[in-house]
Every structure is written in structure tokens, then in C-alpha cells.
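Taking it in order: structure first as C-alpha cells, then the write-up.
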Amino acid sequence: MMIDGVEPIVAALGGLAAPAPAGLTGKVFTGWLAAPSRLGEVFVAFTGDGVQFVRPAESVHGDADAFAEAYRDRFGRPLRPADRAPAGLLPALRGRPAPSLRLDLRRLPDFERDVLGATRRIPAGQTRPYGWIAREAGRPRAVRAVGSVLARNPVPLLVPCHRVVRADGRLGDYMFGPAHKEELLRAENVDLDQVAAFAQQGVHYLGSDTTGVVCFPTCHNARRISPAHRHGFRTIGIAVAAGYRPCRHCRPGVEAASA
DNA sequence: TGTCTGACCTGTC
DNA sequence: GGACAGGCCAGAC
């Protein structure tokens, strides 16, 4: 399939008196392909430096031209079909570990890159609040701005913005709808019912009286706390005042985490 | 440059 | 405990 607007460029390149320098077409075009994912088929655009743009086919009504237009609006480059997927893309889209996958986020403002970088560090099966992302991005008060960045996440699934939830225990919104967010989290074995039950009781952190460590409820360390030794806290400050130390894995709270 | 817009948070009632 | 308003911040226009 050829994307609208590509033919004139291809024709112009073909009309060059001399062969195009090696790598030129790679500088002019961005490759794209369709691939299976946890959200169904997705369209993926990528440069030699990594993946730049991902959108579910459903979100552009299965129309590759609409995907190319959305990409061009944002990145100012045309697309051409690619022969093969970048390393790590296919397992990453299926939610599997893919350390070889590279993302090309160079064109994004620093703040967006920092937000997406922090989001990418949330392990599968766990969630973090927007405020945690803001802190990790170095702007602890930019909580609303974090939401704005995630709403424009160019690489959903690869940067797992579905793992960012509201501080009050609710899931919050998602660029493709809250139902997809819930579906993705349940597929990662996040116990949303238990998290909701804790939130209902005003519990947003869990501590262990045997280790003296307090975590986010979805942290893998929190899941290992037996009910007999588990204590719930509304704020990290209350937990610290009670003698608990923030988990070094999930880092709940910047003041205590840096102590 | 100023205004507006949010996938939010928190205090107050 | 639920609703609401005000605050906050970065990006878009």
C-alpha cells in the first residue's frame, strides 16, 4: 500500500541524475507497518533510531492514509511501507519484555521526554499515580501537565501510559478510553478490585510491620505482605511518621525516598 | 505574549 | 464521603 503524498517524492528521487546517496531515503521517509498488539492491530512508524508513533488501527478506522496524515501532522515527514519491524517491537506490543526496543523521542520537548521516560520505568503489573510521574520527571507540581503529555503519548503500549492512575485509586482517563486501560491492566494481572477496595477504605499505601517498608499497593513487594502483617496508610507521610521507610523499588514519596 | 485547555490534586464545606 | 473550586503547569494557538 502506498501512502498519499509519497508518489511525488518517490518520482522525484527516481529522477535524480545520480544514484541517491546511501541512507538518503531513510532521512526523507519514515517506515511504517501494521502489527498485532494487545489493542488489536496497530500501525507503527519508525526511523533508524527507533519507534516514533503508534496508533491502533481502530483509532484511524483502519485507514493507513489517515495514520500517515496524523503522523505527518505531528512529525512533518511522509511514510513508506517497511519490510520488517524494528528489533523488539513485536514482543513489546504483546506486553513482553523487549530490552532491544528503541524509541525515537528526539523531537519531543524535554518535559515530554522526561514524562515518557518515567512512565516507561513502571514495571508491568504495577501502577503509579500522576504525581509520582511528575516527581520522577523533576517537576513535582506539574501533575496536570503530566496528564496532558500522556494524552498525547506518541507511542502507547511501548510507553505504558495505561499504568498511570489517579492518586485517589480511580483509573483516570485513557487516550483510547478507560475500558481499554482497564483491559490492559487486568491483562497484566493488576488486581484492580483489591486496589479499589483499599481506596474505598482510604488506603493508598501498604506497609509491612516485619520489614518496616511501605509501598504502593501494586508494588511487587506489597503483594508479598501477608494480611497479618499488612498495614494500610492514607498518605506516605503518615506511614513515615509511624516508622516506615519508603520502598526503594516503587519509591512512594520524594521526601522520604531521598532520606 | 497572553489566553485557553486539560488523562490532576487537594482543601473545604 | 461526595461535590466543588482553586491551584498548578506546560503546550497549543
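Naming: A, B, ... by sequence-line order, numbering from 1 per chain.
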A:Ile133 atom CD1 is separated from C:dA10 atom P, nearest whole Å, by 16 Å
Establish, with yes or no, whether the OP1 or OP2 oxygen of B:dG6 is under 4.0 angstrom from a side-chain nitrogen or oxygen of A:Arg144.
no
Rounded to whole angstroms, how far apart are CZ on A:Arg135 and C1' on C:dC9?
16 Å
Just checking A:Ala167: base, sugar-phosphate only, or nothing, at a heavy-atom cut-off of under 4.0 Å?
sugar-phosphate
Grab the CZ-P distance between A:Arg74 and C:dC13 for me, whole Å please.
11 Å
Report the C-alpha distance between A:Val214 and A:Leu206 in whole Å, list the side-chain angles of each, state the deciding distance to 0.1 Å, and finish with yes or no for side chain to side chain contact (heavy atoms under 4.5 Å, CB included).
CA-CA 5 Å; A:Val214 60; A:Leu206 295 177; 5.9 Å; no
Looking for any heavy atom pair under 4.0 Å, which part of the strands does A:Phe111 touch: base, sugar-phosphate only, or nothing?
sugar-phosphate
Please tell me which of the listed nucleotides, B:dA7, B:dC9, C:dG11, lies nearest to the side chain of A:Arg166?
B:dC9
With sugar-phosphate meaning primed atoms plus P, OP1 and OP2, does A:Pro109 contact a base, only sugar-phosphate, or nothing at under 4.0 Å between heavy atoms?
sugar-phosphate
Take the protein atom CZ of A:Arg128 and the nucleotide atom C1' of B:dC8, then report the distance between them rounded to whole Å.
18 Å
Donor on one side chain, acceptor on other, A:Arg77 and A:Thr30, under 3.5 Å
yes
To the nearest angstrom, how far is A:Leu116 atom CG from C:dA10 atom C1'?
14 Å
I need the CZ-C1' distance between A:Arg141 and B:dT10, as an integer number of Å.
14 Å
Would you indicate which nucleotide in B:dA7, B:dC9, C:dA10 comes nearest to any side-chain atom of A:Val143?
B:dC9
Look at A:Arg128 together with A:Glu136 and state whether they make a salt bridge at an N to O cut-off of under 4.0 Å.
no
Assert yes or no for the condition that the ring centre distance of A:Trp32 to A:Phe46 is strictly below 6.0 Å.
no
What nucleotide among C:dA10, B:dC9, B:dA7 has an atom nearest to a side-chain atom of A:Ala145?
C:dA10
A:Leu150 atom CG is separated from B:dC9 atom C1', nearest whole Å, by 15 Å
Watson-Crick or G-U wobble partner of B:dC8, both distances under 3.5 Å
C:dG7
Any side-chain N or O of A:Arg152 below 4.0 angstrom from OP1/OP2 of C:dA12?
yes
Whole angstrom is fine here: how far is it from CD1 in A:Ile236 over to P in B:dC9?
16 Å
Could you tell me whether the side chains of A:Asp209 and A:His229 share a donor-acceptor contact shorter than 3.5 Å?
yes
